[in-house]
Amino acid sequence: MRTPTALTIAGSDSGGGAGIQADLKTFQELRVFGMSAITAVTAQNTLGVSGIYPLGAEAVRAQIAAVGCDLGVDALKTGMLVDAEIVAAVAEEIRRQGWTRVVVDPVMIAKGGTLLLQKRAVEAMKAQLLPLALAVTPNVPEAEALTGLSLGGKAAGREAKKEAARALAAMGARHVVIKGGHDESVAGRCVDLLYDGRDFFELEGERVPTRHTHGTGCTFAAALTAELAKGSDALRAAQEAKAFIQAAVGCPLELGQGHGPTNHWAYGDLRRAVR
Ligand SMILES: Nc1ncnc2c1ncn2[C@@H]1O[C@H](COP(=O)(O)OP(=O)(O)OP(=O)(O)O)[C@@H](O)[C@H]1O
Ligand SMILES: Cc1ncc(CO)c(N)n1
């Protein structure tokens with residue numbers, strides 16, 4: 001069997017916990033060959049983002065095309081896309097290549113509040129990228145920005161998330177996962193809601209009491225992408241991704257002075273331990 005391959009189209013996080021670095025570490029852990037198209041280099045650590053250096057739409061397009069015409073892409077994910085020009089270039093390349101196993105992680109704001117996607121690019125993401133998505137994986141604030149609905153922030157409940165999921169499916173995404181890291185409505189639990197256009201599924205796990213959650217969204221979406229690259233269906237892939245992030249958050253590395261990274265090798269360690 002050919003080695004499964006996955007491409008991440010995202011920003012570089014010098015701190016190594018989010019963005020391209022989180023994605024490639026996750027692909028590697030899940031035994032998928034990882035490739036990257038970098039949209040921007042960020043100067044970033046666990047305390048925040050101190051600089052953003054975008055590469056521009058043509059550089060992004062060239063990286064995607066180079067990978068596509070040679071190595072093959074079984075699944076891909078998008079992360080930090082910076083601006084509307086990069087969103088348009090990414091959507092055009094995905095269409096041109098005919099890729100269908102596409103995970104859109106609609107990254108908008110870093111934990112410290114820095115904008116990673118220009119506000120006016122949100123419309124481009126809705127119109128051009130969501131119709132290409134096999135899965136879109138917003139957190140609660142991103143689901144609010146994309147749908148214009150108010151989900152109630154930390155008190156976002158099941159019904160509000162369901163309504164937002166339906167709205168995102170109507171924009172063209174075939175599966176919607178509204179991640180529950182920001183939703184504290186169920187005490188002690190993190191509940192992600194998956195919608196496949198017909199049914200709802202809850203992916204539930206213990207909320208780990210830790211500040212080391214930098215890159216949880218990137219890591220979850222990367223694990224989902226890796227499982228799709230290996231041929232899993234979206235529900236199975238999302239369940240595996242939830243197990244991956246649960247292990248990564250649950251075994252923190254205690255690095256940095258702020259929101260530290262998750263542990264990308266914890267899931268592999270746990271699996272090897274139970275064998
Ligand atoms: N404290 C926690 N304990 C367990 N799981 C968590 C915790 N925080 C987040 N998660 C899980 O991590 C995944 C990502 O969720 P979250 O809502 O934090 O994404 P995000 O805000 O996009 O992350 P980021 O922007 O930091 O990359 C989800 O599966 C969520 O349930
Ligand atoms: C490069 C990059 N992508 C995504 C995020 C969101 O976690 C981040 N902080 N940095």
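No hydrogens, no waters, no symmetry mates; every other heavy atom, side chains included, goes into these values. In listed order, ligands and their atoms are each counted from 1. Nothing here was measured: the structure is a model prediction, and the numbers come from that model.
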Heavy atom of the protein closest to [atom] (residue, atom name, distance):
{"atom": "atom 27 (O) of ligand 1", "value": "G217 N, 2.9 Å"}
{"atom": "atom 15 (O) of ligand 1", "value": "K179 CB, 3.7 Å"}
{"atom": "atom 21 (O) of ligand 1", "value": "H182 NE2, 2.6 Å"}
{"atom": "atom 20 (P) of ligand 1", "value": "N139 ND2, 3.6 Å"}
{"atom": "atom 3 (N) of ligand 1", "value": "V208 N, 2.8 Å"}
{"atom": "atom 18 (O) of ligand 1", "value": "T216 OG1, 3.0 Å"}

Do the side chain of E144 and the main chain of L151 share a donor and acceptor less than 3.5 angstrom apart?
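Yes.
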
Whether the side chain of R207 engages the backbone of C190 through a donor-acceptor N/O pair (distance < 3.5 Å, no angle test) should be reported.
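Looks like no, no N/O pair under 3.5 Å.
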
Testing T26, D105, D23, T137 for side chain to side chain donor-acceptor pair (under 3.5 Å) with K77, which one passes?
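For K77, the side chain to side chain donor-acceptor pair (under 3.5 Å) check succeeds only for D23.
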
Check the surroundings of atom [atom1] in [X]: do more than 12 heavy atoms from other residues, nucleotides or ligands lie under 6.0 Å from it?
{"X": "R174", "atom1": "CZ", "result": "no"}
{"X": "W99", "atom1": "CH2", "result": "yes"}
{"X": "Q257", "atom1": "CD", "result": "no"}
{"X": "R31", "atom1": "CZ", "result": "no"}
{"X": "Q97", "atom1": "CD", "result": "yes"}

[X] heavy atoms, cut-off 4.0 Å: which ligand 1 atoms fall inside?
{"X": "D192", "value": "28 (C), 29 (O), 30 (C), 31 (O)"}
{"X": "C218", "value": "27 (O)"}
{"X": "T213", "value": "26 (O)"}
{"X": "V249", "value": "2 (C), 3 (N)"}
{"X": "E206", "value": "3 (N), 4 (C)"}
{"X": "G181", "value": "9 (C), 15 (O), 16 (P), 17 (O), 18 (O), 30 (C)"}
{"X": "G215", "value": "26 (O), 27 (O)"}

Is it the case that the side chains of H212 and N263 hold a donor-acceptor pair, with the cut-off being a distance below 3.5 Å and no angle test?
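No - no donor-acceptor pair under 3.5 Å links their side chains.
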
No-hydrogen, no-angle side-chain donor-acceptor test under 3.5 Å, S12 and Q21:
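Yes, side-chain donor-acceptor contact under 3.5 Å.
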
For [atom], which candidate among [options] holds the nearest heavy atom?
{"atom": "atom 11 (C) of ligand 1", "options": "I178, D105, T219, I245", "value": "I245"}
{"atom": "atom 7 (C) of ligand 1", "options": "C190, P209, G205, A238", "value": "C190"}
{"atom": "atom 25 (O) of ligand 1", "options": "R207, K111, R189", "value": "K111"}

Ring geometry between F200 and Y195 (parallel below 30°, tilted from 30 to 60°, perpendicular above 60°)
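Ring orientation, 0 to 90° scale: parallel.
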
Quick check on ligand 2: any N or O pairs to the protein under 3.5 Å? One line per pair.
| residue | atom | partner | partner atom | Å |
| --- | --- | --- | --- | --- |
| ligand 2 | 9 (N) | Q44 | OE1 | 2.8 |
| ligand 2 | 10 (N) | Q44 | NE2 | 3.2 |

Report the residue from I38, I86, V87, V82 that forms a side-chain contact (heavy atoms from CB on, under 4.5 Å) with V60.
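Only one of I38, I86, V87, V82 forms a side-chain contact (heavy atoms from CB on, under 4.5 Å) with V60, namely I86.
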
Please lay out, stage by stage, how R158 and E202 fare under the test side-chain contact (heavy atoms from CB on, under 4.5 Å).
CA-CA 9 Å; R158 184 183 284 142; E202 286 189 342; 2.5 Å; yes

Is the shortest side-chain N to carboxylate O distance from E92 to R61 below 4.0 Å?
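Here E92 pairs with R61 in a salt bridge, since their nearest N and O are under 4.0 Å apart.
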
